[in-house]
Asks: 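There's a structure below that I have some questions on.
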Amino acid sequence: MTSYRIALNFEDGVTRFIDCGANEKVLDSAFRNRINLPMDCSDGVCGTCKCRAEAGSYDLGDEYIDEALTEEEAGAGLVLTCQMVPRSDCVISVPMSSTACKTATAQFAASVAQVARLGDAAYELVLDAPDAAPVFLPGQYVNIGVPGSGQHRSYSFSSLPGAGRMGFLVKQVPGGLMSSWLQAAQAGQALEMTGPLGSFYLRAVTRPLLLLAGGTGLAPFLSMLEVLALKGTDQPVHLIYGVTRDQDLVLVDRLVEYAQRIPGFTFSTCVADAATTHERQGYVTQHMPAAVLHGGDVDVYLCGPPPMVDAVQQHFKSAGITPANFHYEKFTPTQPVAA
């Protein structure tokens, strides 16, 4: 029997995945999976179950009234989950917290497959999922418990969603909790993970993309690029990767590989350190040619530290550019913040 995978992205950043039958309504599938999406009537009359479809195709039928969902709202991607029948995998934004819908983040186990030290800049942590490969949206993150500490740290997936082997890029922080643990980590050690989380993820690609990565904020873009390499895109994609020091430029070889695998993908790198030997000194805003902004007809994704996010927003304002969509994640030491 045909079914489609539906990602329910709640306003607190929690994402839950459900399988919905080919002729099943999303609300019914959610209830079957013990997720109480908002509803009152379930007949297309009250509008309480109104959500936004971020991606995918679906039917809404004609059994709901205009007061519940207007033609303009439907045209803007709003849906009634009590009437929505998917025709493909979909992503739905739910305007409520996961706890209000009586659900929570999923927990799963992983084990260390490999830890690669990338100079003194970062670690590449590779994990295996012994039970079931985690499903997530490209760009999302997960909380990884640091063994023996009772604490967790948040890291974006750098790997393909649904793959049994997961990758993460971890900034080396002297004396840092995760950095210290990784120095002695051994293959096979068990880790507990909670997620996926975050509203920073790749939407349907309908126009040119500009990807802006700061330091280890490169990680979610590697996941996005892997998806684009497999699914293909007819839109131009440009990534600007900015770091503080020369040695912070890591995994550039991966970007070279993606430039070979994805038609229309280009990238550039820059280093802020005034003493750099790199060909492009400065910040991403200083190496952002007008051509990659497409006069504002561009979807911008940014993952980096808060000062970088603020600088890019100010740059757009000064240049008089308003991107069609601007998704960003402030990569803080403890928890990403997406918008």
Asks: Given side chains that start at C-beta, do those of Leu137 and Phe17 come closer than 4.5 Å, heavy atoms only?
Replies: yes
Asks: Near Tyr58 OH, under 6.0 Å, is it more than 12 heavy atoms from other residues, nucleotides or ligands?
Replies: yes
Asks: May I ask you to say whether Asp299 pairs ionically with Arg207, meaning some side-chain N is under 4.0 Å from a carboxylate O?
Replies: yes
Asks: Has Ser158 got a side-chain atom pairing as donor or acceptor with Leu222's backbone, closer than 3.5 angstrom?
Replies: no
Asks: Checking salt bridge (charged side-chain N to carboxylate O under 4.0 Å, His left out) between Glu124 and each of Lys171, Arg117, Arg254, which is the one that passes?
Replies: Arg254
Asks: Strictly under 6.0 Å, is that where the ring centroids of Phe326 and Phe316 end up?
Replies: yes
Asks: Would you mind reporting whether Val142 and Phe108 have side-chain heavy atoms less than 4.5 Å apart?
Replies: yes
Asks: How far apart are the closest heavy atoms of Leu60 and Leu78, and which atoms are they?
Replies: CD1-O, 4.2 Å
Asks: Can you see which heavy atom on Ala213 is nearest to which on Val284, and at what distance?
Replies: O-CG1, 4.5 Å
Asks: Tell me whether Arg245 contacts the main-chain N or O of Thr276 through its side chain, where contact means a donor paired with an acceptor under 3.5 Å.
Replies: no
Asks: At their closest point, which heavy atom of Ala129 faces which heavy atom of Ala133, and how far apart are they?
Replies: CB-CA, 4.2 Å
Asks: Could you tell me if the side chain of Leu160 sits less than 4.5 Å from the side chain of Val227, heavy atoms only?
Replies: yes
Asks: With Asp12, which of Ser98, Ser97, Ser199 fulfils side-chain hydrogen bond (donor to acceptor under 3.5 Å, both in side chains)?
Replies: Ser98
Asks: Between Gln140 and Asn9, is the side-chain contact (heavy atoms from CB on, under 4.5 Å) condition met? List the steps.
Replies: CA-CA 11 Å; Gln140 288 191 304; Asn9 201 304; 3.6 Å; yes
Asks: Measure across Cys51 and Thr81 and return the closest heavy-atom pair with its distance rounded to 0.1 Å.
Replies: SG-CG2, 3.9 Å
Asks: Is Lys25 paired with Asp28 through a side-chain N to carboxylate O contact shorter than 4.0 Å?
Replies: no
Asks: Going through the checks in order, is the ring-ring contact (aromatic ring centres under 6.0 Å, His included) test met by Phe168 and Phe157?
Replies: CA-CA 5 Å; Phe168 302 91; Phe157 290 96; 5.1 Å; yes
Asks: If you draw the axis of the six-membered ring of Tyr201, does the NZ or CZ of Arg203 fall within 45° of it and under 6.0 Å from the ring centre?
Replies: yes
Asks: Give the cluster check for Tyr283 versus Leu293: same hydrophobic cluster or not, with ILVMFWY residues linked at side-chain heavy-atom distances below 4.5 Å.
Replies: no
Asks: Which heavy atom of Cys270 sits nearest a heavy atom of His287, and at what distance?
Replies: CB-CD2, 3.7 Å
Asks: Going from OG1 on Thr269 to CG on Leu255, what distance comes out if it is rounded to the nearest 0.5 angstrom?
Replies: 8.5 Å
Asks: Apply side chain to side chain donor-acceptor pair (under 3.5 Å) to Tyr258 and Glu226, showing your working.
Replies: CA-CA 8 Å; Tyr258 285 124; Glu226 186 61 29; 2.7 Å; yes
Asks: Would you find more than 12 non-hydrogen atoms of other residues, nucleotides or ligands less than 6.0 Å from Asp297 atom CG?
Replies: yes
Asks: Taking all atoms of both residues into account, what is the closest heavy-atom pair of Ala74 and Tyr64, and its distance?
Replies: CB-OH, 4.4 Å
Asks: Is it true that atom CD of Gln313 has more than 12 heavy atoms of other residues, nucleotides or ligands lying nearer than 6.0 Å?
Replies: yes
